[in-house]
Amino acid sequence: MTLDILATTQLLAVIVLVAYAFINKGKSSKPSYPPRVPSFFPWIGSLVGFNLRRGEFLMNCISQYGPVFKLLLCGRQFTVVASEEAIQSYLVADALSTRTQNYSIYRILASDSSHTQKLCAIATREFFPLLEKRLAKRTLGDLTPGFAEVLFNRLKRFANCQGSLRRSLTEPLYVATSAILLGSRFSPDTYDDYMVFDRSLPNRFSMLPFWSFPSSRARGRLLEHISKYIADADTDHDDFVGVNFSKAIQKYNLTSKERAPLILAFVIAAHANMFNVVFWLITWLLADPSALAAVRDEIDKAVREEFGGIHGFLVNASPENLQSSSFELLHSTVLETTRLSTVVISVRDAERDIDLKDGERVIPIRKGEYVVAMPWTSHRDEGLYPDGHRFIADRFVKNRVREDMVQNPSKPYFSFSGGKHPCPGRLLAVYELKVLAIIYFSLFDVTPIPQGYGSSEWKPPQPSPKSTGTFHTTEDVIVKLRPRFDF
């Protein structure tokens, strides 16, 4: 009797399992949108693959599941949008907030995490409106005097050197940008500490284990220097963005040390993606000799005819003067570089249930879920950008992008975000890239040096599979910088 009951129970269990599998098979065969990336782990989801090779992981998902898909990361649902229509819908959605992304930034910058929420609130109320005001088209020219001259004087130090392309670009850019945004009280000697800390940011955001002591020490020194910068700021006379912000946050009950992460976040925002983009701008031109020759010819002619030479350019290199059609190819080259090097715009969290649009299809987003905008696919759409995977310096020459918006009205172009909240630093970024390229190629003949045993041909490095925001480099480029004239 007992055996009969056991056998019957086992039979019923098999029937239930078969029925359950059949029902679920039927359910899974129904089309669903967007598709979900499967995972063997119920809560962790795709975290391992995502964290280890973030850029490559997302690109592989796009290839396999299409330009819109969902994935699970640590109990949170992420929707990745990579099509033109979906990104446009994402950009205009009022219900999507950057609160969580901002919190993540201040969490890894603040030495006292108890103030993280307060720092995020202060940045939202005080810092972002200040940036939009000071970096707007009508006021940008008030910030930029002296930028070109500082950059020129710093670049001269690399004459006749053979060494890192990345350092020869980023160190002068760091010094010149700090000079106009923060003033002379912010020391250029902080560059090395910044670079050490910057290299650790992908691991810090991913919370992956790594040897953190060097970057933690670098962060500590940066915060200490910034704390002194805030304490010594002459808020009555100096008109730098950093000083303006220091003045605006005096009303909050925070010490200079507690306020330092706000300025460090500003420093990171000014340099992190910019350093990657400027590296690829010069690297991809070096890999295309005909494009480099055309850009250099345009620069030489414009500097000679419109500014009377390089020293005239240094004095009169205002954003307005650089909008001249004489720099049309250079402007196109900058936009082409940002088009190709942009991986992710930002991560936003849904404050309520919303539906995004992807053409005729609806993308349901529930409150608390995250949305990631990844223009990698739309920026390489062959129907919109022929040979979209290639660097073509003059791609934007015949359809000049409006400089005030840094947007392309006829093709998807999301490198500087867009919609109601475009990147407040977009105009400054384009200006800096142009000035650096003009001075760099006016000063030097740049020769890349092949690396590796027996290498006779130079090839540009590949982007890192761990890239976030913009393409990171897997390795540096070694260059020889020969002066083109005496200076």
Side-chain angles (χ1 to χ4, degrees), residues 105-106 109-112 115 118-154 171-195 197 218-272 274 314-319 424-425 427-429 431-432 435:
I105 293 171
Y106 288 110
L109 299 183
S111 55
D112 183 355
H115 291 286
K118 190 170 185 178
L119 295 176
C120 290
I122 292 172
T124 301
R125 287 195 297 265
E126 306 287 350
F127 197 35
F128 298 146
L130 174 64
L131 283 183
E132 290 177 359
K133 180 181 178 181
R134 294 302 307 273
L135 302 182
K137 182 180 181 180
R138 66 183 180 278
T139 55
L140 184 62
D142 298 334
L143 287 177
T144 56
F147 175 81
E149 291 179 281
V150 174
L151 191 64
F152 176 84
N153 290 328
R154 207 74 185 187
E171 195 264 356
L173 191 58
Y174 180 88
V175 174
T177 304
S178 298
I180 64 169
L181 296 180
L182 300 171
S184 60
R185 296 179 190 272
F186 188 84
S187 172
D189 294 336
T190 54
Y191 169 80
D192 288 318
D193 278 334
Y194 171 79
M195 294 302 291
F197 185 60
R219 180 187 65 176
R221 288 189 293 267
L222 285 167
L223 290 172
E224 182 179 354
H225 178 73
I226 292 171
S227 178
K228 188 176 186 305
Y229 168 84
I230 294 172
D232 296 342
D234 185 354
T235 55
D236 293 327
H237 299 95
D238 290 341
D239 192 33
F240 302 104
V241 174
V243 176
N244 294 157
F245 188 47
S246 298
K247 185 176 182 178
I249 60 180
Q250 284 178 342
K251 59 189 174 184
Y252 296 96
N253 187 27
L254 292 174
T255 66
S256 296
K257 182 178 180 181
E258 291 166 342
R259 285 180 275 172
L262 290 165
I263 300 295
L264 181 54
F266 176 45
V267 172
I268 291 171
H271 300 306
M274 172 64 74
L314 299 179
V315 175
N316 297 291
S318 67
L427 300 180
L428 178 61
Y431 170 80
E432 290 179 339
V435 172

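Quick note: residue numbers are just sequence positions, from 1.
Using a cut-off of 4.0 Å between Lys/Arg side-chain N and Asp/Glu carboxylate O, Glu126 and Lys251 are scored as salt-bridged.
Relative ring orientation between Phe266 and Phe127 is described as perpendicular, the plane-to-plane angle rising above 60° on a 0-90° scale split at 30° and 60°.
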Show me, pair by pair, the donor-acceptor contacts under 3.5 angstrom made by side chains of residues 181-189, not counting sequence neighbours?
residue, atom, partner, partner atom, Å
Arg185, NH1, Asp232, O, 3.3
Ser187, OG, Asp189, N, 3.0

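With values rounded to the nearest 0.5 angstrom, His271 atom NE2 is found 6.0 Å from Tyr194 atom OH. For the atom pair Tyr229 OH and Ile263 CD1, the distance stands at 6.0 Å (nearest 0.5 Å). Atom-to-atom distance recorded for Ile226:CD1 and Leu109:CG is 9.0 Å, nearest 0.5 angstrom.
Scored by the ring-ring contact (aromatic ring centres under 6.0 Å, His included) test, Tyr191 finds Tyr174 as partners (sequence neighbours excluded). Asp193 meets the side chain to side chain donor-acceptor pair (under 3.5 Å) test with Arg221; sequence neighbours excluded.
Thr139 contributes a side-chain N or O that, together with a main-chain N or O of Lys133, makes up a donor-acceptor pair within less than 3.5 Å. Glu258 places a side-chain N or O within donor-acceptor distance of the main-chain N or O of Thr255, the cut-off being under 3.5 Å. Side-chain N or O atoms of Tyr431 include one that pairs as donor or acceptor with a backbone N or O of Ala317 at under 3.5 Å. Between the side chain of Thr177 and the backbone N or O of Leu173, at least one donor-acceptor pair lies under 3.5 Å.
When Leu140, Asp239, Leu428 are each tested for a side-chain contact (heavy atoms from CB on, under 4.5 Å) with Arg134, only one passes: Asp239.
Counting non-hydrogen atoms of other residues, nucleotides and ligands closer than 6.0 Å to NZ of Lys228 gives a total of 12 or fewer. Counting heavy-atom neighbours within 6.0 Å of Glu224 CD, excluding the residue itself, gives a total of 12 or less.
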